[in-house]
Amino acid sequence: MAPRPLAVLCWILVSAPALATAAAATRAAAPSAQRVRPAPTPPLPQSIDSAGIDNQIAAAWRRHNLSPSHPADDATFLRRATLDLTGIIPTLDAVRAFLADRSRDKRARLVDSLLESPRYAQHFTDYWEAILFGRSTRRQEIDRDSFREWFAGRLGQNQGWDKLVFDLVTAKGVNSRGRPDQPPLPDEVASTINPPVNFLLLYDRNPQDLGGSVSRELLGVQIQCAQCHNHPTEGWTQDDFRRFVASFARLRNKPLDDGKVMGIRRIEVSDAPKPQGGGKGDPEREAISKARPAALDGTELNQNDPRRALGTWMVSPKNPWFARELVNRYFAYFIGRGFSEPIDDLRPSNPVVMPRLLDALAGDFASHGFDIKRLLRQLCKTQVYQLSSGPSRGKDLENKLWARHPLRPMAPLELLDSVVAATDLQAALAKVAPTSDRLGQIRAQLEKTVSFVFDLDEELAPMGFEGTVQQMLLLMNGSLINTGAGAIPDAALAALLKQPGGDREKIEVLYLRTLSRRPTPEELDHFDAFLISPRELSKGQGKPPTGGGGGLLPDPLRGLYGKLKPQNQTPRQQAYEDLFWALLNSSEFIFRH
């Protein structure tokens with residue numbers, strides 16, 4: 001890789017936005033040592049709109065003497081909404097069209113169009129797959145592709161969250177069709193293929209872990225600590241834990257393939273007539289098998305089909321946790337912080353910020369059929385969502401009342417997709433990869449590399465991000481950005497250099513492609529002078545860069561580097577490559593803001 005000019009490296013440092021981070025949240029102590037039992041809640045309010053959300057938060061700002069940051073401009077809103085709803089930066093054409101649009105409702109229309117985009121379902125399938133399965137879980141009996149197709153289909157159809165979760169928790173049937181070369185399943189078995197059972201298979205008939213995951217991820221209640229002992233101040237006892245997870249104690253997995261299997265091992269998931277005990281070697285499993293299934297609020301569940309009864313209880317509009325969990329999770333995702341932190345901890349011992357607003361949003365969500373897209377429209381239309389990430393005034397260092405929009409690094413797949421989109425790298429790779437299978441392998445390896453290096457804890461990432469050596473190696477010295485920023489055939493920069501127009505027009509195009517905004521006059525002057533300044537062709541051109549996997553994994557583009565790189569380099573072309581590289585490595589590109 002050619003060394004980058006000092007002027008470019010200095011620009012990255014001085015032009016990056018301030019990445020101030022808040023101190024870690026301090027959980028309020030329980031008011032006393034008395035056990036807090038969860039109690040039924042009164043009926044939730046039936047509706048609230050975006051203005052109502054803004055009014056309640058503005059009232060809280062006044063009470064705490066806070067002044068919010070200024071509103072985000074159109075370019076910032078376009079990039080933010082596109083990243084949040086589809087997981088990728090907007091295209092060059094989309095940026096130009098949105099900035100040229102003078103209509104007053106263009107932000108609302110943008111949100112509507114993004115929610116109808118196929119990428120919306122794909123992006124939130126990525127999000128929920130990481131939550132439910134983890135990024136690295138790979139087992140032969142789990143067909144993640146089948147699960148993804150099912151989940152994305154439900155999101156694309158805007159199926160109610162209650163129906164989707166009910167089908168997930170109560171799923172029965174076969175996990176996968178398997179590969180074409182596997183023996184076909186009998187018709188009566190093939191008709192029961194049901195992708196959501198892959199979530200249940202993840203826990204391999206372990207009701208403790210499955211019940212803990214369902215409670216935490218789908219109800220926002222952490223009951224795992226009650227698995228081993230009775231906590232002196234928490235609302236759930238060890239007996240409560242056993243009764244809740246007993247709903248999953250009848251799960252039975254029946255293998256349908258004999259011997260060695262090359263593809264997905266097909267498994268039939270069903271419920272046994274009686275709970276499956278663990279024998280004398282597993283006293284905890286034995287205790288669970290003898291417990292009478294019950295919901296978190298103590299509701300007795302039907303003993304004949306407790307898992308279905310649990311699903312019915314979970315998705316009921318009267319459930320005190322179900323609607324709140326998703327509202328809290330998505331409020332944190334879009335606005336920057338949940339009503340409770342961590343977002344999967346809605347226990348009574350973990351105080352909630354602005355509980356009336358949480359209740360109002362949860363009641364509205366439940367009373368409108370758990371309509372996810374409606375909820376997201378409400379959030380994205382608020383003035384709170386449309387604040388800038390600039391400073392607010394007042395004493396709220398942790399931004400608990402959302403007086404400014406947070407700076408957060410892109411998630412791994414968001415970063416990968418955005419680099420590929422900004423550089424048109426996909427089109428270039430398609431011309432040199434020998435087969436579509438090989439192209440798919442390259443993409444899979446890139447996903448693995450970026451996810452491995454950038455996979456941050458969901459709760460810690462928004463609070464503070466300092467970067468690591470491996471991340472800097474991947475971005476600044478790796479082949480992904482170095483290759484994408486090059487003037488390689490069929491990629492963005494090579495096409496731009498062939499277009500008419502002067503340097504200032506081309507600089508603006510690169511800004512629109514990467515940062516989704518036009519350069520300031522100072523930035524335009526700086527890089528205009530940079531492009532015309534004398535330079536010698538840097539040594540090392542034509543050699544593959546190092547550090548493609550952050551120094552820890554193989555470089556998936558290394559074998560194609562010679563085919564991708566243009567043969568005849570010029571100082572002017574290299575100057576443009578340095579400019580493109582600098583924009584892609586800037587904090588403004590890497591962060592959601």
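Ring-centre distance between Phe365 and Phe370: below the 6.0 Å cut-off. For Tyr203 and Phe248, the gap between ring centers reaches or exceeds 6.0 Å.
Remark: Gln159 pairs with Arg154, Lys163, Leu164, Asp167 by the side-chain contact (heavy atoms from CB on, under 4.5 Å) rule, at least two apart or across chains. In terms of the side-chain contact (heavy atoms from CB on, under 4.5 Å) criterion, residue partners of Lys290 (sequence neighbours excluded) are, by chain and number, Glu286. Residues satisfying the side-chain contact (heavy atoms from CB on, under 4.5 Å) criterion with Ala81, sequence neighbours excluded, are Phe77, Leu110, Leu114, Tyr385.
Formation of a donor-acceptor pair under 3.5 Å by the Glu129 side chain with backbone atoms of Asp126 is not found in this model. Panel note: side chain Arg250, backbone Pro273; a donor-acceptor pair is recorded below 3.5 Å. Under a 3.5 Å cut-off, the side chain of Ser191 and the backbone N or O of Glu188 do form a donor-acceptor pair. In terms of modelled atom types and a separation under 3.5 Å, the side chain of Thr299 and the main chain of Ala295 share no donor-acceptor contact. With hydrogens and angles ignored, the 3.5 Å screen pairs a side-chain donor or acceptor of Gln140 with a backbone N or O of Gly263. Using modelled atom types, no side-chain atom of Thr86 and backbone atom of Tyr120 make a donor-acceptor pair closer than 3.5 Å. Not a single donor-acceptor pair under 3.5 Å links the side chain of Ser213 to the backbone N or O of Asp209. Side-chain atoms of Ser215 do not come within 3.5 Å of backbone N or O of Gly211 as any donor-acceptor pair. In terms of modelled atom types and a separation under 3.5 Å, the side chain of Asn175 and the main chain of Glu141 share a donor-acceptor contact. Side chain of Asp344 to main chain of Gly220: no donor-acceptor pair is present (N/O by atom type, distance under 3.5 Å, no hydrogens or angles).
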- [ ] Applying salt bridge (charged side-chain N to carboxylate O under 4.0 Å, His left out), run through Arg308 and Asp271 and close with a yes or a no.
- [x] CA-CA 10 Å; Arg308 186 175 183 86; Asp271 286 310; over 6 Å; no
Open item on the list: Apply salt bridge (charged side-chain N to carboxylate O under 4.0 Å, His left out) to residues Glu268 and Arg252 and explain how you reach the verdict.
Closed with: CA-CA 8 Å; Glu268 183 177 24; Arg252 177 171 59 185; over 6 Å; no
Task: salt bridge (charged side-chain N to carboxylate O under 4.0 Å, His left out) between Arg243 and Glu300, intermediate numbers included - done: CA-CA 9 Å; Arg243 297 190 69 189; Glu300 294 277 346; 2.5 Å; yes
- [ ] Show the numbers, then the answer: is there a side-chain hydrogen bond (donor to acceptor under 3.5 Å, both in side chains) between Thr237 and Asp239?
- [x] CA-CA 5 Å; Thr237 65; Asp239 184 58; 5.0 Å; no
Task: Step-by-step side-chain contact (heavy atoms from CB on, under 4.5 Å) determination, Leu201 to Val269 - done: CA-CA 8 Å; Leu201 286 171; Val269 177; 3.7 Å; yes
Open item on the list: For a side-chain hydrogen bond (donor to acceptor under 3.5 Å, both in side chains) check, start with the C-alpha distance between Trp150 and Asn194, then their side-chain angles and the critical distance, and finish with the verdict.
Closed with: CA-CA 9 Å; Trp150 170 80; Asn194 192 19; 5.0 Å; no
- [ ] Give the intermediate values and the outcome of side-chain contact (heavy atoms from CB on, under 4.5 Å) for residues Arg265 and Arg139.
- [x] CA-CA 9 Å; Arg265 184 174 294 278; Arg139 297 221 307 264; over 6 Å; no
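Between Arg513 and Asp424 there is a salt bridge, with a side-chain nitrogen of the basic residue lying less than 4.0 Å from a carboxylate oxygen of the acidic one. Ion pairing of Asp84 with Arg592 is present here, as a side-chain N (NZ or NE/NH1/NH2) and a carboxylate O approach within less than 4.0 Å. By the 4.0 Å N-to-carboxylate-O rule, Arg329 lies close enough to Glu217 to be salt-bridged with it. Using a 4.0 Å cut-off between charged side-chain N and carboxylate O, Arg266 and Asp143 make no salt bridge.
To the nearest 0.5 Å, atoms OG (Ser146) and CG (Asn198) are separated by 6.0 Å. Between the CD atom in Glu341 and the CZ atom in Arg337 there is a gap of 4.5 Å [rounded to 0.5 Å]. In this structure, CG on Asp257 lies 13.0 Å from CE on Met262, to the nearest 0.5 angstrom. With values rounded to the nearest 0.5 angstrom, Asn482 atom CG is found 7.5 Å from Asn585 atom CG. Interatomic distance, Asp162 CG to Asn319 CG, rounded to the nearest 0.5 Å: 11.5 Å. The distance from the CG atom of Leu379 to the CG atom of Leu361 is 6.5 Å, given to the nearest 0.5 Å.
Counting heavy-atom neighbours within 6.0 Å of Asp187 CG, excluding the residue itself, gives a total of 12 or less.
In summary, the side chains of Asn328 and Ser340 do present a donor paired with an acceptor at a separation below 3.5 Å, with no hydrogens or angles considered.
Looking only at side-chain heavy atoms (C-beta outward), Arg307 and Lys172 come within less than 4.5 Å of each other. Within the 4.5 Å cutoff, side-chain heavy atoms of Leu115 are placed close to those of Leu376. A heavy-atom distance below 4.5 Å is found between the side chains of Arg324 and Pro320. Here the side chains of Gln182 and Arg177 are not in contact, with every heavy-atom distance at 4.5 Å or above.
Using a 30° and 60° split on the angle between ring planes, Tyr127 and Tyr333 fall in the perpendicular class, above 60°. Using the six-membered ring where Trp is involved, Tyr330 and Trp128 have ring planes that are perpendicular, over 60° apart on the 30 and 60° scheme. In this pair, Phe133 and Phe147 present their aromatic rings perpendicular. The plane angle is above 60°, beyond the 30 to 60° band.
Closest of all the heavy-atom pairs between Val111 and Cys380 is CG2-CB, 3.8 Å. Closest non-hydrogen pair, Ala152 versus Ala121, comes out as O-CB, 3.5 Å. Here the closest heavy-atom approach between residue Leu155 and residue Phe124 is recorded as CD1-CB, 3.8 Å.
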